[in-house]
Engineer: 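What follows is a single structure, and I will ask about it in a moment.
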Amino acid sequence: MKVAVGSDHAGFEYKELIKKHLEDKGFQIIDKGTYSKESVDYPVFGESVGKAVSSGEADMGIVICGTGIGISISANKVPGVRAALCTNEYMARMARKHNNANVLALGARVLGIDLVLGIVDQFFSTDFEGGRHERRVNLIMNIEKDLCK
Ligand code: RB5
C-alpha cells in the first residue's frame, strides 16, 4: 500500500517516526514534506497529501500538525478526501469501519508518540464495513458532487 504523508513543522518529528514505523511494516511512503522543523504553513501539506490520495498517486494519507485540526480541514477541501482527526485508537477504527476515511489526521502537540503509533496501526489494519455505512459515506460524497456542479 502507498501512503502519502505530510506535516507542518509541528508535526515534522512525528512524520519521520511514522514513516519509519510504516516502512518497517512494508508500506511504501510518499513524503510530501515538510522536510525540516522550519516554520511552514500547514494548508500546503494538507492540500498536497489530499491531492495525492484524490488522484490515486497514494492509496491513503496521513497529515500531522500541532493539533491536527488545520491540516485535516485543509485535506478535506480536496474532492474525494475523507480526512479523520483521531485522538485515540477507537476513533481510528471507527474512522475506517464507519466513515471509510482515506486520510488519518493527527495532532503532534496533543498525543504522545506511543499512542500515535497505536492509532496508525489501528487505522491501517481496519477495513470499511460497508452496508448501511456505505449509504452514509455516499451521502457525504454527494455533498461535494452537488457543490462542484
Ligand atoms: C502551528 O503553530 C499550528 O498552528 C499548527 O501546527 C496546527 O496546530 C494548526 O491547526
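Atoms within a ligand are numbered from 1 in the order they appear, just like the ligands themselves.
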Engineer: Are D8 and D41 side-chain neighbours, meaning at least one heavy-atom pair lies under 4.5 Å?
Structural biologist: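 No, their side chains stay 4.5 Å or more apart.
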
Engineer: Taking N or O atoms only and a 3.5 Å limit, does Y42 qualify as a polar contact for ligand 1?
Structural biologist: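 By distance alone, the answer is no.
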
Engineer: Using a plain distance cutoff, I'd like to know if G70 has any nitrogen or oxygen under 3.5 Å from a nitrogen or oxygen of ligand 1.
Structural biologist: yes

Engineer: So R136 and H133, do their side chains get closer than 4.5 Å, heavy atoms only?
Structural biologist: yes

Engineer: Please answer whether the main-chain N or O of R82 pairs with a side-chain N or O of N102 as donor and acceptor at a distance below 3.5 Å.
Structural biologist: yes

Engineer: Can a donor-acceptor pair be found, under 3.5 Å and without considering hydrogens, that links the side chain of E47 to the backbone of V78?
Structural biologist: no

Engineer: Looking at ligand 1, does any of its N/O atoms fall within less than 3.5 Å of an N/O of G66?
Structural biologist: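 Yes, there is a polar N/O contact under 3.5 Å.
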
Engineer: Is ligand 1 under 4.0 Å from a heavy atom in the side chain of A10, in the backbone, in both, or in neither?
Structural biologist: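 Side chain only; the backbone of A10 stays clear of ligand 1.
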
Engineer: How far is atom 7 (C) of ligand 1 from its nearest protein heavy atom, and which residue and atom is that?
Structural biologist: C65 SG, 3.3 Å

Engineer: Should we count NZ of K19 as having more than 12 external heavy atoms under 6.0 Å?
Structural biologist: yes

Engineer: Report the part of T67 (side chain from C-beta onward, or backbone N, CA, C, O) that has a heavy atom under 4.0 Å from ligand 1; answer both or neither where that applies.
Structural biologist: both

Engineer: Taking side chain as C-beta onward, heavy atoms only, is K25 less than 4.5 Å from D121?
Structural biologist: yes

Engineer: Identify the protein heavy atom lying closest to atom 2 (O) of ligand 1, giving its residue, its atom name and the separation to 0.1 Å.
Structural biologist: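 Protein heavy atom at minimum distance: R109 NH1, 3.3 Å.
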
Engineer: Pull out every atom of ligand 1 sitting under 4.0 Å from any heavy atom of D8, numbered as shown with elements.
Structural biologist: 1 (C), 5 (C), 6 (O)

